[in-house]
Amino acid sequence: MLHNTGKLAGCTVFITGASRGIGKAIALKAARDGANVVVAAKTADPHPKLPGTIYTAAAEIEAAGGKALPCIVDVRDEKQINEAVEQAVEKFGGIDILVNNASAINLTGTLETPMKKVDLMLGINLRGTYLTSKLCIPHLLKSKNPHILNLSPPLNLNPIWFKNHTGHPLLPDFFLDQQPEDLAKQMEDGKADSAATGPISDMFNIIRGILSPDIVKTTQGVYRFDLSGEHAGVWYIDLKNDAGSAGSGDPPVKADVVMALDSADFIKMFGGKLKPTMAFMSGKLKIKGDMGLAIKLEKMMAMMKSKL
């Protein structure tokens, strides 16, 4: 819990979506400093599933030591925002801080997301944030220390968040400051760095530790693993050449067997918690190539149990 400094005393904070959740938590923190808080949210009447209205939030704010102005605001409605801004200026004399907290999210794939949901997200997250900022800025400019706080998760470029929404690997943008070639190299280096750490890398360190000429002699197969899920990537085990090898990327020679499965199932399978036969029969494991060599790999998995 952050200690109150009193720095927001007398400041007017305009918060969208402040009737509940993070927005209300920010409002109460500001109220304990003695701030004026504009509760700009849609919920005026009690919601059957979600607690809190602009009026109950306002009561909590005043109980915490602040002053409150509840305003019915749908951030997609320019008229409602404008009226709330005018009321705030009239009641408190200005606006010092804008917190763009109102947002909408729908965590489904592209084909499963109806346009109604897309329009809602764009209308609130993008248009609403822009519009509220635009209408508050003329008053913020009159403040001695104006601020706009936009609440948003950072854009994470890990492919796991984008793989369901592109038909193609992400490419560097030509309008960024660096040359596309440099960005492409950084992206490849990033892939290498991510491959060098994590549970899959740890598993392959164990695999490399048990490789031996005897295993290579009795197996005589090269395996490629196409992993999906949280730790997606391509890995290989060469049990056909020299003393054997294993690592990330394509194998040094053409694979005799290609296995495709989720990275979590790969860890379970090599850790002895998922039998390859059951994984194959249930559809979790897809195999292309020599099925006899695929079965031989189970011997290595059995050896790994004592190493884990």
Side-chain angles (χ1 to χ4, degrees), residues 105-114 117 156-170 191-192 194-212 214-241 244-308:
I105 189 169
N106 194 72
L107 296 175
T108 54
T110 302
L111 298 180
E112 295 76 31
T113 307
K117 294 290 187 181
N156 187 337
L157 294 181
N158 187 319
I160 189 173
W161 301 109
F162 292 92
K163 67 178 183 178
N164 294 328
H165 302 280
T166 55
H168 193 280
L170 297 177
K191 290 178 183 177
S194 63
T197 59
I200 302 298
S201 176
D202 293 342
M203 190 65 73
F204 270 84
N205 286 335
I206 298 173
I207 292 171
R208 281 190 286 268
I210 65 173
L211 293 181
S212 69
D214 287 339
I215 294 177
V216 172
K217 184 177 180 180
T218 57
T219 308
Q220 287 295 293
V222 178
Y223 304 84
R224 191 183 85 190
F225 303 90
D226 294 342
L227 304 184
S228 56
E230 185 177 359
H231 303 285
V234 176
W235 297 78
Y236 75 91
I237 300 176
D238 183 352
L239 298 178
K240 192 173 187 177
N241 302 286
S245 62
S248 63
D250 290 319
V253 295
K254 184 179 179 181
D256 300 300
V257 181
V258 178
M259 297 184 172
L261 69 163
D262 188 275
S263 55
D265 290 329
F266 175 89
I267 294 171
K268 291 178 184 177
M269 199 167 70
F270 273 82
K273 297 180 180 179
L274 175 65
K275 291 185 177 294
T277 304
M278 291 300 298
F280 179 71
M281 295 295 291
S282 64
K284 292 181 178 180
L285 170 64
K286 294 180 173 59
I287 301 175
K288 293 181 180 178
D290 191 319
M291 290 299 291
L293 286 176
I295 294 172
K296 280 189 175 183
L297 193 62
E298 286 197 55
K299 294 181 180 179
M300 171 178 280
M301 296 178 192
M303 292 179 63
M304 288 184 64
K305 289 184 180 180
S306 61
K307 302 288 184 179
L308 295 173

When the ring planes of Phe204 and Trp235 are compared, do they come out parallel, tilted or perpendicular, using 30° and 60° as the limits? parallel

Got a second to check how far Asp202's CG is from Ile206's CD1, nearest 0.5 Å? 7.0 Å

All heavy atoms of Ser201 vs all of Arg208, minimum pair found to be O-NH2, 4.4 Å

Mind listing the side-chain donor-acceptor pairs of residues 249-257 below 3.5 Å, one per line with the distance, residues two or more places apart or on another chain?
from	atom 1	to	atom 2	distance (Å)
Asp256	OD1	Lys240	NZ	3.4
Asp256	OD2	Val222	N	2.9
Asp256	OD2	Lys240	NZ	3.4

Would you name the heavy atoms of Ala294 and Met259 that are closest together and state the gap between them? CB-CE, 3.8 Å

Nearest heavy atoms of Glu230 and Ser263, plus distance in Å: N-OG, 3.6 Å

Heavy-atom closest pair (Tyr223 atom, Thr219 atom, distance to 0.1 Å) is OH-CG2, 3.3 Å

Which distance, rounded to the nearest 0.5 Å, do you find between the CE of Met269 and the CG of Asp262? 11.5 Å

Measuring from Lys217:NZ to Leu239:CG, what's the distance to the nearest 0.5 Å? 15.0 Å

Would you check if Leu227 and Leu261 make a side-chain contact, meaning some heavy-atom pair closer than 4.5 Å? yes

Side-chain donor-acceptor pairs of residues 279-287 under 3.5 Å, sequence neighbours excluded:
from	atom 1	to	atom 2	distance (Å)
Ser282	OG	Met278	O	2.9
Ser282	OG	Ala279	O	3.2
Lys286	NZ	Gly283	O	3.4

Minimum heavy-atom distance Leu211-Gly244, with the two atoms named: CD1-C, 3.7 Å

For a quick test of reading the model, state the closest non-hydrogen atom pair linking Met203 to Ile267 and the distance between them. CE-O, 3.6 Å

Among Leu274, Asp226, Ile200, which one satisfies side chain to side chain contact (heavy atoms under 4.5 Å, CB included) with Phe266? Ile200

Start with the C-alpha distance between Ser212 and Asp214, add both sets of side-chain angles, then the distance that settles side chain to side chain donor-acceptor pair (under 3.5 Å), and finish with yes or no. CA-CA 5 Å; Ser212 69; Asp214 287 339; 5.0 Å; no

